[in-house]
Amino acid sequence: MKESWGFGLLMRGLCILVLGLLCGVSGFDPADNFLIDCGSSKDTDISNRVFVSDKSASKYLKTSQDILADTPSNSITSTDDSALYQTARIFTTQSTYTFPIKQTGRHWIRLYFYPFSYQEYDMSTANFSVSTQKNVLLGNFSAKNVTVKEFSVNVTSKDLVIIFSPKSYSFAYINALEIVSVPDVLITDDASTISPAGVFSGMYAQALETVARVNMGGSLVSFENDTLWRTWVTDRSFLTQPSSAKSVNKIGSVKYPKVGATPDFAPQTVYGTCSEMNLNDTGDDPNSNFNLTWTFDVDPGFQYFIRLHFCDIVSTAANQLLFNIYVNSWNVAPDFDPGQKASGILATAYYSDYVTPPAKSNKINVSVGPSPRSAYPDAFLNGLELLKLNNSQGSLSQVGSVPTNPSSKGKKKIGVIVGVSVGVIVVLVMVGVLFCMHRRRKQEQLAQSKIWIPLSINGGNSHTMESKYSNGTTISATSNMSYRVPFAALLEATSNFDESLVIGIGGFGKVYRGVLYDGTKVAVKRGNPKSQQGLAEFRTEIEMLSQFRHRHLVSLMGYCDEKNEMILVYEYMENGTLKSHLYGSDLPSMSWKQRLEICIGSARGLHYLHTGYAKAVIHRDVKSANILLDESFMAKVADFGLSKTGPELDQTHVSTAVKGSFGYLDPEYFRRQQLTEKSDVYSFGVVLFEVLCARPVIDPSLPREMVNLAEWAMKWQKKGQLEQIIDPNLVGKIRPDSLRKFGETAEKCLADFGVDRPSMGDVLWNLEYALQLQEAVIQDDPEENSTILIGELSPQVNDFSQVDTVASAAHIGTPNLDDLSGVSMSRVFSQLVKSEGR
């Protein structure tokens, strides 16, 4: 018995040893691998990785003095790497490490900090910055406990310089330092942008800071069990409702595909565990609806890279589950099928990358939840990585800029002194001349900025834009009101693009408030040169808006393509977006009449797009954020970057890649990739419910049945109880008949199939009728007198005899008013708005 027990123990020990060796073996051999135990007099072995002594690394360091600190080992909590925290190097002036790089590309930078007291230096009070030649990694940094800061930077030069810069009257320190090559395939430009949907461009050049690396449903994965020396923490502290998740562990079943995820992306111990919806508390109810949500602390103003790791160790058969993935309020992957992504092979590792817009709050939520199309409600997540992207100044910190390398200053010191001595006399002599020349040139520039070059009118010569982005894009306008604006004029209008004038940020770039030379207020949308997707939007916006002029479409006042810029200039809308007046701000609530008038104005603009030109123009991104309000709250449809010309007369649709905003997207367009005007109608129907309920169209923080506004509102509309979910500010202020007509209109817009949806003309007619019902203009029962109704609903018609004829014709074959909201109403409405729509 003892021999059997001993043999079993021996075999168990061998298995653990082999597993440990397999987990610890890396398939990647880094070309550059600098490991330094700062302040230490001897090398330190951490899980077969040798951190060399401070003395051995002194050849890389340039500092004014050597201050090496140590602390007793018993003062540090025992961890696998605790030996690295027993010593430190202290910097009282700016100091640099310069590492020779054998192979350019992405490198890890890991900085180890543990504040302890040494002589007069209390490291918990240290305040300093850490930078490379191109990026600020830490600004005004002060560690309060054991901390490892991990960064990933793209090194393009023959050396990498790490600069420690103490703040005034303070000092800097470091306990240990790593510079290690990263596999090139680990971070690519394939990440999907969340808003607007697209592909992120420029990831190679980005510096990244690790915010969180999480093993869902599993235990801590320490660095010695990761091929790239990463640590994966457990997810329990990030779950908003830990009881909603259960852990699944099938590490041995994990398979890596031939192409895609490898152990370098995440180890088996991550892919082999997951957090899954816990249906036990609901009795495995197939109708259970809730999301698993993880919340992470972030710095506002930065974009974030999110990598989600999936491995279907939950399903019993391929393609069994469909679920939705949310980042904040965006449904980034509706009806996500983990089996399809893994070629239908269960337990196959897979990852998906996303880049957020700049964070507006200090929290990012990531959620997974069941799709209504799934046969059984379930969702899971295996792992997550959250990394911060540097801002436009190359900084990963809210404060700080890249300092000058002191070594380069030293080499030039003598030359600078001589140059200043010799040049000071010349400068004094020339300064007056230069000032006069600059003043004269500025006056000429300002005078030139008043001259706008109009776009050519159809029939004349077309104007060709020539910049590195436009590739000679030919633009022909139908109006003398479109102009090419000099860059100098826009610099003046926006105070050199002052950040305090930013009124919006989108995928194309930032929008600035500006005032032109003649006092005209404008909104200036400046394209981000890093986003190549902006070119298509830039061209489309000019081509579309230079052809259209309508009181309910935001006017394009000009454009600029000088100096490799892509800038669009619009009329300024004083009251911003419709969305900002519904929720998410402190703006006062709007009355029901105001909301109806805004919906009517928006519908007029869309109706004009669909009918006011030889071929229909489909907006493709109708949402409350793209409906702007002027100083009198008149609505104008904006942002035509995704717009597309509709089908030819002999065609029913345009086949095109799906684009738009989650929550507003036409499901038929999403399924079939066939675009028609009815896709805009669907999106507008979502806006109608958004106006009525004053809440986001997708809100993962709500119970499952409430997450999607369109689904939730349709449920109450079909029950005839829409008043139960309206904006509390409107309770008791909407006439029942007006609410009924409004709800019916939104319901028809959200029909599953485009052929069952009304035209925008019909939608407009019904909204005007809802307004009349609210204002109680019609005294008679509308069901009994449709002729009177049509007469009352035509305040802008000039030819009343024509209206009477149409109204009478419509009345002859119409037993009740509701029949008029069908297809026949498009003919009626086209007569009612003829003077405006054409």
Tell me whether the centres of the aromatic rings in F689 and W716 are closer together than 6.0 Å.
no

Is there a donor-acceptor pair closer than 3.5 Å between any side-chain N or O of N362 and the backbone N or O of V298?
no

Side chains of D680 and S683: any donor to acceptor distance under 3.5 Å?
no

Restricting to ring pair (Phe, Tyr, Trp, His ring centres under 6.0 Å), what partner residues turn up for Y512, sequence neighbours left out?
F497

The criterion is side chain to side chain contact (heavy atoms under 4.5 Å, CB included); which residues satisfy it with K593, sequence neighbours excluded?
S591, E597, L771, E775

State, without any angle test, whether Y326 and N324 hold a side-chain donor-acceptor pair at a distance under 3.5 Å.
yes

Under a 3.5 Å threshold, yes or no: a donor from one side chain and an acceptor from the other, between E690 and Y583?
yes

Taking CD in Q241 as the centre, count heavy atoms belonging to other residues, nucleotides or ligands within less than 6.0 Å. Is the count above 12?
no

Is there a donor-acceptor contact under 3.5 Å linking the side chains of S371 and D335?
yes

W294 versus T240, side-chain donor and acceptor atoms under 3.5 Å:
no

Checking side chain to side chain donor-acceptor pair (under 3.5 Å) between K636 and each of H552, E571, H550, which is the one that passes?
E571

Strictly distance-based, threshold 3.5 Å: is any side-chain N or O of N328 a donor or acceptor partner for the main-chain N or O of N365?
yes

Quick one, S244 with T293, criterion side-chain contact (heavy atoms from CB on, under 4.5 Å). Give me CA distance, side-chain angles, the key distance, then yes/no.
CA-CA 9 Å; S244 66; T293 300; over 6 Å; no

Quick one: do W592 and Q774 satisfy side-chain contact (heavy atoms from CB on, under 4.5 Å)? Show the steps, please.
CA-CA 9 Å; W592 180 236; Q774 178 67 17; 3.4 Å; yes

To the nearest 0.5 angstrom, please state how far the NE2 atom of H619 sits from the NE2 atom of H610.
9.0 Å

Name all residues meeting the side chain to side chain contact (heavy atoms under 4.5 Å, CB included) criterion together with R695; count only those two or more places apart in sequence or in a different chain, and write none if there are none.
C693, D699, L702, M706, L709, W712

Polar contact flag, side-chain donor to acceptor under 3.5 angstrom, T745-R740
no

Measure from the side-chain N and O atoms of S738 to the backbone N and O of I734, and report whether any donor-acceptor pair falls under 3.5 Å.
no

As a quick check of understanding, evaluate side chain to side chain donor-acceptor pair (under 3.5 Å) for T676 and R757, giving each step before the final call.
CA-CA 11 Å; T676 71; R757 299 171 198 153; 5.8 Å; no

Trace of the salt bridge (Lys or Arg N to Asp or Glu O under 4.0 Å) decision for R620 with E677
CA-CA 9 Å; R620 274 212 298 182; E677 301 98 305; over 6 Å; no

Taking only Lys NZ, Arg NE, NH1 and NH2, and the carboxylate oxygens of Asp or Glu, determine whether E574 and K521 approach each other closer than 4.0 Å.
yes

Mutual orientation of the aromatic rings belonging to Y304 and F302 [parallel < 30°, tilted 30-60°, perpendicular > 60°]:
perpendicular

Return yes if a side-chain donor-acceptor contact under 3.5 Å exists between N291 and S367, otherwise no.
no

